[in-house]
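Naming: A, B, ... by sequence-line order, numbering from 1 per chain. What you see is a predicted model; the values in this text were computed from it and never measured.
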Number of protein chains: 2
Amino acid sequence: MDVQLKRGLLDVCVLAAIQHEDSYGYKIIKDMKPYILLSESTLYTILKRLEGAKMLTVRTAEHDGRLRKYYRITDAGRKRIRDFKEEWAEMTKIYCFVTEEDKK
Amino acid sequence: MDVQLKRGLLDVCVLAAIQHEDSYGYKIIKDMKPYILLSESTLYTILKRLEGAKMLTVRTAEHDGRLRKYYRITDAGRKRIRDFKEEWAEMTKIYCFVTEEDKK
DNA sequence: ATGGAATACATCATATCACGAGGTATATAT
DNA sequence: ATATATACCTCGTGATATGATGTATTCCAT
């Protein structure tokens with residue numbers, strides 16, 4: 001997918017990946033794989049940004065003797081997803097505009 | 001609409017605005033207005049970029065004693081629109097992923 | 001006739017952001 | 001032993017939307 005198109009989708013996708021249950025970096029990438037690919041460097045940049053925007057919170061927990069950082073979505077994060085749904089309607093209009101055939 | 005989301009749509013929208021007939025800066029902005037807003041500085045940046053990518057060609061013509069730059073879509077430009085249609089299918093999948101309700 | 005809006009083009013500086021390259025460390029399978 | 005998977009992180013770079021700003025002409029209302 002075009003890099004510029006991804007830009008608008010990645011943040012929301014990451015939020016979507018943790019909306020049903022807390023998750024951690026490596027798992028988020030795997031869960032998103034069928035829909036959109038992203039590298040670790042990209043993901044951690046996004047997680048930091050979403051944390052700064054208070055759309056998720058972080059907690060560190062031990063798992064099999066190794067530390068993991070678990071991310072949990074906040075109300076602001078859920079609002080971002082709702083806003084995206086509204087933006088989708090606008091995008092659908094744009095799609096129609098772009099694919100409009102010649103009206104002879 | 002979210003700035004990042006616009007990024008991926010603007011180029012294709014500008015191409016869509018000239019796909020049926022040649023157009024010029026001011027008119028492109030007006031035609032796109034119902035679907036997506038963009039400033040003149042943004043538009044001219046995009047037109048330059050699309051010209052560099054050979055997705056459109058430019059010609060200068062006089063209109064009412066004033067010079068206008070008319071933009072015409074190329075085959076590469078039409079291909080970009082076709083590619084977008086394919087990307088739309090991916091985006092629809094992503095939309096489903098994001099809006100997926102809890103599966104109890 | 002004068003002033004302001006609309007038309008029409010353009011440049012520059014800034015802030016945001018995806019991503020490759022690189023780094024650290026442990027667990028598990030071959 | 002060694003390779004692969006898991007798990008985290010930082011930095012530099014290139015791409016790009018946008019506001020601010022500038023130039024110039026035409027049209028319309030007062």
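A donor-acceptor pair is defined here as one N or O able to donate and one able to accept, closer than 3.5 Å; such a pair exists between the side chain of Thr74(A) and the backbone of Lys54(A). In terms of modelled atom types and a separation under 3.5 Å, the side chain of Lys79(B) and the main chain of Met55(B) share no donor-acceptor contact. Under a 3.5 Å cut-off, the side chain of Gln4(A) and the backbone N or O of Leu5(B) do not form any donor-acceptor pair.
OP1 and OP2 of dT16(D) both lie 4.0 Å or more from every side-chain N or O belonging to Lys6(B). Not one side-chain nitrogen or oxygen of Thr45(A) sits closer than 4.0 Å to the OP1 or OP2 atom of dC17(C). Dashed line: the shortest gap from a side-chain N or O of Tyr44(A) to OP1 or OP2 of dT10(D) is not under 4.0 Å.
Side chain of Lys30(B), nearest nucleotide from dC9(D), dT7(C), dA8(C): dT7(C).
A donor atom on one side chain and an acceptor atom on the other are not found under 3.5 Å apart for Tyr70(A) and Arg72(A). In this structure, a donor-acceptor pair under 3.5 Å is present between the side chains of Ser39(B) and Thr42(B).
Side-chain atoms of Ser41(B) come within donor-acceptor range of the base of dG19(D), with a qualifying N/O pair under 3.5 Å. A donor N or O paired with an acceptor N or O is not found under 3.5 Å between the base of dC17(C) and the side-chain atoms of Gln4(B).
The distance between atom NE2 of His63(B) and atom P of dT7(C), rounded to the nearest whole Å, is 11 Å. Taking atom CG of Asp11(B) as the reference point, atom P of dA17(D) lies 6 Å away to the nearest angstrom. Distance OH (Tyr26(B)) to P (dT7(C)): 5 Å, rounded to an integer number of Å. The distance between atom CZ of Arg59(B) and atom P of dA8(C), rounded to the nearest whole Å, is 14 Å. In this structure, Lys48(B) atom NZ and dA8(C) atom C1' are separated by 14 Å, rounded to whole Å. Put simply, CG on Leu67(A) is 14 Å from P on dA25(C), counting in whole angstrom units. Between the C1' atom of dT16(C) and the CD1 atom of Ile46(A) lies a distance of 13 Å, rounded to the nearest Å. Between Arg49(A) atom CZ and dT10(D) atom C1' there is a gap of 16 Å when expressed in whole angstrom units.
Residue Tyr70(A) is out of contact with every strand shown, counting any heavy-atom pair closer than 4.0 Å. Note on Arg7(B): a base of the nucleic acid sits closer than 4.0 angstrom, heavy atoms only. Using a 4.0 Å heavy-atom criterion, one finds that Lys27(B) contacts no nucleic acid atom at all.
Between Glu40(A) and Leu37(A), the residue anchored nearer the 5' end of DNA chain C, judged by the nucleotide with its closest heavy atom, is Leu37(A).
Between Glu100(A) and Gln19(B), the closest heavy-atom pair is O-NE2, 3.7 Å. Considering all non-hydrogen atoms of both residues, Ile73(A) and Arg78(A) come closest at CG2-NH2, 3.3 Å.
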Would you list the protein and nucleotides 26-30 of chain C atom pairs, both N or O, that sit under 3.5 Å from each other?
{"unit_1": "dT26(C)", "atom_1": "O2", "unit_2": "Arg66(A)", "atom_2": "NH2", "d": "3.3"}
{"unit_1": "dA27(C)", "atom_1": "O4'", "unit_2": "Arg66(A)", "atom_2": "NH2", "d": "2.9"}

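Ring-plane geometry between Tyr95(B) and Trp88(A) is classed as parallel, the angle between the planes falling under 30 degrees on a 0 to 90 degree scale with a further cut at 60.
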